[in-house]
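Only one structure is covered here, and it is reproduced in the block below.
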Amino acid sequence: MIADGTQVPTLDDSGLDEATIRHLSAMGWAIAQIAECVGCDRDTVLQVLRHVPSVAEPTLRPAPLTIRLTTDARRLRIMLPADAAPTPTAGLLARIQAHCAEHHIDLALTEKELEERLRTCVYGAWLTIGEATRPIPPTDERVRVLTPVMIGQRRTRDHQSRACLVRRGAVLAKLDAGRPGLPGRDLLGREILPPVPRRASLPQGRNTLISADGTRLTAECDGLVMLRRLLIEVAPLTIHEGDLTAEDGVLRAGGGVVVTGAVRERASIVAVGDIEIWGNVHGAQIESTGGNLEVQGLVSGTVHLAAVLKAGRTITCDRVRHAVLEAGTDIVVRSGVRQSRLEPNGDLYLPEALDHALVDVRLCLGGGVIAPAEPPAPQPEAPKERRHSRIALTLPARIAVHGALPLTFISCVIEDLSPGGARCRLAGPQPPELFGPDALAQLIFMLPGHDDQIVAIARVAHATAPDTIGIAFLHITEHHADQVMQWHIESSRKAQTPKVGSLADRLRGR
């Protein structure tokens, strides 16, 4: 009952929730919003609001709100209960600001920002509404490498290795100074210090120096820049710019040598380490007592002045003519060899078959020949008659399965020989699959009265016994084929061998 005697509907007689209307009005809701929420008209809402409830009438309290500051004072969070009624943003902001003022929390939060965060709010879960100002991170010190660096000890021997050559005093790397960061602030106004910038050190390796101010790494000598165990080091080299001539005298070095040009007639190089020639070699004397030797250009000489290359390890070159190559291990030829002598203590690597890669070449092999050799196409009918007479002899030789790397040679004896093939007796019985029919074999031998080795790649034609095989030559150099033919003719004359295919020839050896 109000002052004019009008009866106000109550929850008991009309189902109207007066406490909810008063609560929504206290939270700042408009009359029309309250009327729409409780399902009545504006006049009823006004009547309820004009009525002063008695002391006994219950009132609806605001929804509980929990506010928590993390232990590091970097986040402020709130939580509304799962059964909380919708609460206006302005009311929540006022309560949050009152809590922050009471606990001296520095929070700059507007009603619009709070409303945007409440859109992702899950009732009954924590919601972050404020965060500390993060510190600006520092800039760490770093090392800048200023020159190309060869990775590891292996040299690729291409244009990249040229870029890695430096002179003494060249700056290899530089240390860039760091910059400290800026502090931040937590929600209690305390300073948050940024991390300390990381220190860096120059990767000083062998034959390098650090400047007095500690910011530059320089080369202590001429050489090749390499990265080994995350350290920059310089492999000492003697670098000769341009062509090397006889007027320059003998170039001697206790380490490696790099000649950026050609090596002319009668010039000489003697070094302990690797030698690399970027140009051609013409009639020069080059020796590496303990390293590799590589010539990226042509190796040539004349009949009267041959180019001589000696290396304690591997010799690698392109085209060779009128030259002598002696290697402690292997010789690698990227093109052909003409009118030369090759003496590798290991294998000889060729880019193509023997008869194309080697012309008028004398060999002295410690290993074998690594070269492509495809067997010829099978003939429609195998010849039923021998095309060459055989010369019986006892000639020591070596034989290996061709194409199976590494080549493993075994001793054998050539019992008869012709320009087209040979019959070999192996040193003991061998597994049948080792030299089976049509298998490729590599035979190395020396003719009586000759000092160079003959290399022939052959096909196993037949096996007459467990330790005896007959082979037919597939690839043999023209020079060596002429030697075999000339020896065969002379031996036939001395032995008065019957004509090939005659009755006496067929009966010979029976």
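No experiment lies behind these values; they were computed from the predicted model shown.
Distance check, rounded to the nearest 0.5 Å: CD of E233 to CD of Q204 gives 11.5 Å. In this structure, D243 CG and W278 CH2 are separated by 13.0 Å, a value rounded to the nearest 0.5 Å. Distance check: T139 OG1 to R179 CZ gives 3.5 Å after rounding to the nearest 0.5 Å. Of the inter-residue distances, the one linking E241 atom CD with L165 atom CG reads 8.5 Å to the nearest 0.5 angstrom. For the atom pair OG (S418) and CD1 (I391), the distance works out to 9.0 Å, reported to the nearest 0.5 Å. A distance of 5.0 Å separates CG of L426 from CD1 of I469, quoted to the nearest 0.5 Å.
Taking a cutoff of 4.0 Å between a charged side-chain nitrogen and a carboxylate oxygen, D186 and R74 do not qualify as a salt bridge. Ion pairing of K310 with E287 is absent here, as no side-chain N (NZ or NE/NH1/NH2) approaches a carboxylate O to less than 4.0 Å. By the 4.0 Å N-to-carboxylate-O rule, D451 lies close enough to R362 to be salt-bridged with it.
Taking the side chain as every heavy atom from C-beta outward, L363 and I444 never approach each other to under 4.5 Å. Between T238 and L251, some side-chain heavy-atom pair lies under the 4.5 Å cut-off. Contact annotation: the side chain of C412 approaches that of I399 to within less than 4.5 Å [non-hydrogen atoms, C-beta and beyond]. Counting only heavy atoms from C-beta outward, the side chains of H240 and D248 approach each other to under 4.5 Å. Within the 4.5 Å cutoff, side-chain heavy atoms of L244 are placed close to those of I269. Side-chain contact between R185 and E191: present, with at least one pair of heavy atoms (C-beta onward) separated by less than 4.5 Å. Using a 4.5 Å heavy-atom cutoff, the side chains of L443 and I471 are in contact. Between Q453 and R398 the shortest side-chain heavy-atom distance falls below 4.5 Å.
Not a single donor-acceptor pair under 3.5 Å links the side chain of S335 to the backbone N or O of R319. Here the side chain of S288 pairs a donor or acceptor atom with the backbone of G273 at under 3.5 angstrom. Looking only at distances, no side-chain donor or acceptor of S340 sits under 3.5 Å from a matching main-chain atom of V337. Under the 3.5 Å distance criterion, the side-chain polar atoms of Q442 are matched with a main-chain donor or acceptor of V369. Here the side chain of N292 pairs a donor or acceptor atom with the backbone of T314 at under 3.5 angstrom. When atom types are taken as modelled, the side chain of T70 and the backbone of R75 share a donor-acceptor pair closer than 3.5 angstrom. A side-chain donor-acceptor contact under 3.5 Å links E141 to the backbone of A200. Counting only distance, with no hydrogens or angles, the side chain of N280 and the backbone of L298 share a donor-acceptor pair below 3.5 Å.
Heavy atoms from other residues, nucleotides or ligands lying under 6.0 Å from CZ of R334 number more than 12. In this structure, R167 places its CZ atom where more than 12 heavy-atom neighbours from other residues, nucleotides or ligands lie under 6.0 Å away. Surrounding CZ of R313 are at most 12 heavy atoms belonging to other residues, nucleotides or ligands under 6.0 Å away. Heavy atoms from other residues, nucleotides or ligands lying under 6.0 Å from CD of E478 number 12 at most. Atom CZ of R338 sits in a crowded spot, with more than 12 heavy atoms from other residues, nucleotides or ligands closer than 6.0 Å.
Not a single salt bridge (Lys or Arg N to Asp or Glu O under 4.0 Å) links R117 to another residue, sequence neighbours left out. Residues passing the salt bridge (Lys or Arg N to Asp or Glu O under 4.0 Å) test with R119: none are found, sequence neighbours excluded.
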As a quick check of understanding, evaluate side chain to side chain donor-acceptor pair (under 3.5 Å) for T302 and H322, giving each step before the final call. CA-CA 6 Å; T302 62; H322 291 298; over 6 Å; no
Set out, in order, the CA-CA distance, both residues' side-chain angles and the distance that settles salt bridge (Lys or Arg N to Asp or Glu O under 4.0 Å) for D467 and R425, then state yes or no. CA-CA 6 Å; D467 60 345; R425 180 167 50 85; 5.5 Å; no
Decide yes or no on salt bridge (Lys or Arg N to Asp or Glu O under 4.0 Å) for R168 and D222, but give the supporting numbers first. CA-CA 5 Å; R168 178 181 180 181; D222 299 345; over 6 Å; no
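Side-chain atoms of H488 and S491 include no donor-acceptor pair closer than 3.5 Å.
For residues 346-361, the side chain to side chain donor-acceptor pair (under 3.5 Å) pairs, not counting sequence neighbours, are D360-H479.
Screening V333, V332, I331 for a side chain to side chain contact (heavy atoms under 4.5 Å, CB included) involving L350 leaves a single residue, V333.
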